[in-house]
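No experiment lies behind these values; they were computed from the predicted model shown. Lettering of chains follows the sequences in order, A, B, ..., and the numbering in each one begins at 1.
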Protein chains: 2
Amino acid sequence: MQSLFKEFEEILPLSAEESEIIESKIRFSIVKRKGFLLKEGCVCKHYTFVIKGCFKMYGVDDRGFSHNIQFAAEGDWIADIGSFYTQTASKLNIEALEYSEIYQISQPDLYWLFVEVNKVNRMFKVISESNFVEIQNRVLQNFSSTAEQRYLSFLEQYPHLSNRLPNTQIASYLGITPEFLSKIRKGLSKKGL
Amino acid sequence: MQSLFKEFEEILPLSAEESEIIESKIRFSIVKRKGFLLKEGCVCKHYTFVIKGCFKMYGVDDRGFSHNIQFAAEGDWIADIGSFYTQTASKLNIEALEYSEIYQISQPDLYWLFVEVNKVNRMFKVISESNFVEIQNRVLQNFSSTAEQRYLSFLEQYPHLSNRLPNTQIASYLGITPEFLSKIRKGLSKKGL
DNA sequence: TTTTACCCTTAACCTAGATTAAGAAATGAA
DNA sequence: TTCATTTCTTAATCTAGGTTAAGGGTAAAA
């Protein structure tokens, strides 16, 4: 369970006792490719930490098209925060893009940990906040940049994911069609990128 | 100070003592039309409650164009949550669209209140979460709907603002030009809306 | 190992929305 | 009240990105 909270431990080290309490509430689990952590209409009951593998979180519009709003790979946390905190039906799906291994904490257990181990409360506050900042920046960026610019910043921000994900998934994240992404990639390679 | 926390008081009534502690940390203030609560590059130092008037929160892209990402009118809270919680420079501006009257809590005072009055902690958690859900829904909606559909849902969601804001501000929120909004409005009025 | 399902690219054509320009109307400041 | 600043609308023209279709390539499942 080394990788969990690694970044945080550098700032806020956990005592042996705290680690033990946290570990007692965490469940290991395996998810097959195309397996779901969350389906639209269900309540998001777990916060998930990705040990190995990769997930996409996406919504489906009224014409039946999927739109990726977030990816999560090794070391990332994923949940529909809105549904998780309010325990109401989610509009989103979380699906494995590869064979994956995860840790999960259930909503009641996490709330119990918030009280028992105050550091956990602070950790998850930071996770939610950085999630918020990221999505807010995305709204701002989508307003003012072309698909090519958005693709370039995606490559910069997620270099490990760009080689690993099919372009259809990246296109869905960028809000364009795979055909247009293909056109962009062609244009970039002509420019020598 | 009646309107403050009104919705919350129905769920979580405050004792006389709690109200008094909260009130001691809240400052009343007046903002002129075109006055700023926050400027890009500054740290967001206050959470603001709108008693009267209206504000826009917006970012400026590299070509110098503004893009509204949120409005706040009577009874709403506004702050750049990312900047406020991490106390780092904001990329956003908050500007009064009209003469406005507000209450403000400073960051240190709010953190003090989080500890002293646990209900305040819960209240602001709810405020941040609903903010997050709103912005996430916007990302999803912007993926899959035309400008006309987005305008119609804006009208539904903010009926009080649609009569009150200049169309230039609404266009900026929808991510379109005022000229195109004008075209949409013409099209809708032909259809008898 | 074979079959099936998915993935990538290209190209021709199409549309939502941007841009530019310009005049009329409304609003705010003094 | 007057002047200055915004605002709204219309119309002509332009472009980023969507759509459709079709062929070849790759990876997963059986």
Side-chain angles (χ1 to χ4, degrees), chain A residues 31-35 53-54 56 58 61-68 95-100 141-155 161-191 193, chain B residues 31-35 53-54 56 58 61-68 95-100 141-155 161-191 193:
Chain A
V31 188
K32 277 189 275 194
R33 194 180 121 89
K34 298 198 182 177
C54 186
K56 62 175 173 181
Y58 65 95
D61 68 29
D62 19 77
R63 289 181 305 163
F65 294 111
S66 294
H67 304 278
N68 292 342
E95 186 186 332
L97 290 163
E98 310 171 355
Y99 162 92
S100 300
Q141 216 208 5
N142 283 17
F143 265 136
S144 55
S145 55
T146 64
E148 181 173 303
Q149 290 173 309
R150 274 179 279 142
Y151 177 58
L152 288 172
S153 31
F154 173 83
L155 291 183
L161 288 181
S162 64
N163 318 311
R164 189 167 163 187
L165 297 174
N167 285 330
T168 51
Q169 297 304 325
I170 297 175
S172 167
Y173 178 85
L174 296 174
I176 59 175
T177 58
E179 291 84 356
F180 192 59
L181 178 53
S182 204
K183 213 188 256 181
I184 289 173
R185 285 157 60 84
K186 195 184 176 187
L188 288 174
S189 73
K190 265 189 192 163
K191 287 184 210 160
L193 283 157
Chain B
V31 188
K32 278 189 274 192
R33 191 179 124 91
K34 298 195 184 181
C54 186
K56 62 174 172 180
Y58 65 95
D61 68 30
D62 18 78
R63 290 182 303 163
F65 294 111
S66 295
H67 303 279
N68 292 342
E95 185 186 333
L97 290 163
E98 309 171 354
Y99 163 92
S100 301
Q141 216 208 4
N142 283 17
F143 266 136
S144 55
S145 54
T146 65
E148 181 174 303
Q149 289 173 310
R150 274 179 279 142
Y151 177 58
L152 289 172
S153 31
F154 173 83
L155 291 183
L161 288 181
S162 64
N163 319 310
R164 187 167 164 187
L165 297 174
N167 285 330
T168 53
Q169 297 303 328
I170 297 175
S172 167
Y173 178 86
L174 297 175
I176 59 176
T177 58
E179 291 84 357
F180 191 60
L181 179 53
S182 203
K183 210 190 257 183
I184 289 172
R185 285 156 60 82
K186 195 187 177 185
L188 288 174
S189 74
K190 265 188 190 164
K191 289 184 209 160
L193 284 157

Take the protein atom [atom1] of [X] and the nucleotide atom [atom2] of [N], then report the distance between them rounded to whole Å.
X	N	atom1	atom2	result
Ile170(B)	dC8(D)	CD1	P	8 Å
Lys56(B)	dT6(D)	NZ	C1'	12 Å
Tyr151(A)	dA16(D)	OH	P	19 Å
Leu181(A)	dG17(D)	CG	C1'	12 Å
His67(A)	dG18(D)	NE2	C1'	13 Å
Asn142(A)	dG17(D)	CG	C1'	14 Å
Gln149(B)	dA16(C)	CD	P	11 Å

(Q) According to side-chain hydrogen bond (donor to acceptor under 3.5 Å, both in side chains), who are the partners of Tyr173(B), at least two apart in sequence or on a separate chain? (A)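 If we apply the side-chain hydrogen bond (donor to acceptor under 3.5 Å, both in side chains) test to Tyr173(B), skipping adjacent residues, there are no hits.
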Q: Could you pull out all residues at least two apart from Lys56(B) that satisfy side-chain hydrogen bond (donor to acceptor under 3.5 Å, both in side chains)?
A: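 Listed in chain order: Gln169(B).
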Q: Output yes when at least one side-chain N/O atom of Asn167(B) is less than 4.0 Å from OP1 or OP2 of dC8(D), else no.
A: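 For Asn167(B), the contact criterion (side-chain N or O under 4.0 Å from OP1 or OP2 of dC8(D)) is met.
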(Q) If the cut-off is 4.0 Å, is Arg185(A) near the phosphate of dT9(C), judged by side-chain N/O to OP1 or OP2? (A)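 It does, given that an N or O in the side chain of Arg185(A) lies less than 4.0 Å from OP1 or OP2 of dT9(C).
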Q: Could you tell me whether the side chain of Ser162(B) and the main chain of Leu155(B) form a donor-acceptor pair under 3.5 Å?
A: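 Answer holds: no.
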Q. Is a side-chain N or O of Ser145(B) found less than 3.5 angstrom from the main chain of Asn142(B), in a donor-acceptor match?
A.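 No; zero donor-acceptor contacts below 3.5 Å.
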Q | Angle by which the axis turns from one end of the helix from dT9(C)-dA22(D) to dA30(C)-dT1(D) to the other, five pairs per end, to 10 degrees | A |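 Answer rounded to 10°: the end axes differ by 60°.
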Enumerate the protein-to-nucleotides 24-30 of chain D contacts in which both atoms are nitrogen or oxygen and the separation is below 3.5 Å.
none

Q: Would you indicate what Thr168(B) reaches in the nucleic acid, counting non-hydrogen atoms under 4.0 angstrom: base, sugar-phosphate, or nothing?
A: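 Sugar-phosphate only.
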**Q.** Residue list, side chain to side chain contact (heavy atoms under 4.5 Å, CB included) with Arg164(B), at least two apart or on another chain
**A.**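 Applying side chain to side chain contact (heavy atoms under 4.5 Å, CB included) to Arg164(B) gives Cys54(B), Ala73(B), Glu74(B), Glu98(B).
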Q) Are Leu188(B) and Leu152(B) close enough that some pair of their side-chain heavy atoms sits under 4.5 Å apart? A)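 SC-SC contact between Leu188(B) and Leu152(B) confirmed.
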Under-3.5 Å N/O pairs linking protein and nucleotides 17-22 of chain C:
residue, atom, partner, partner atom, Å
dG17(C), OP1, Ala147(B), N, 3.0
dG17(C), OP2, Ala147(B), N, 3.4
dA18(C), OP1, Gly175(B), O, 3.4
dA18(C), OP2, Thr177(B), N, 3.2
dA18(C), OP2, Thr177(B), OG1, 3.3

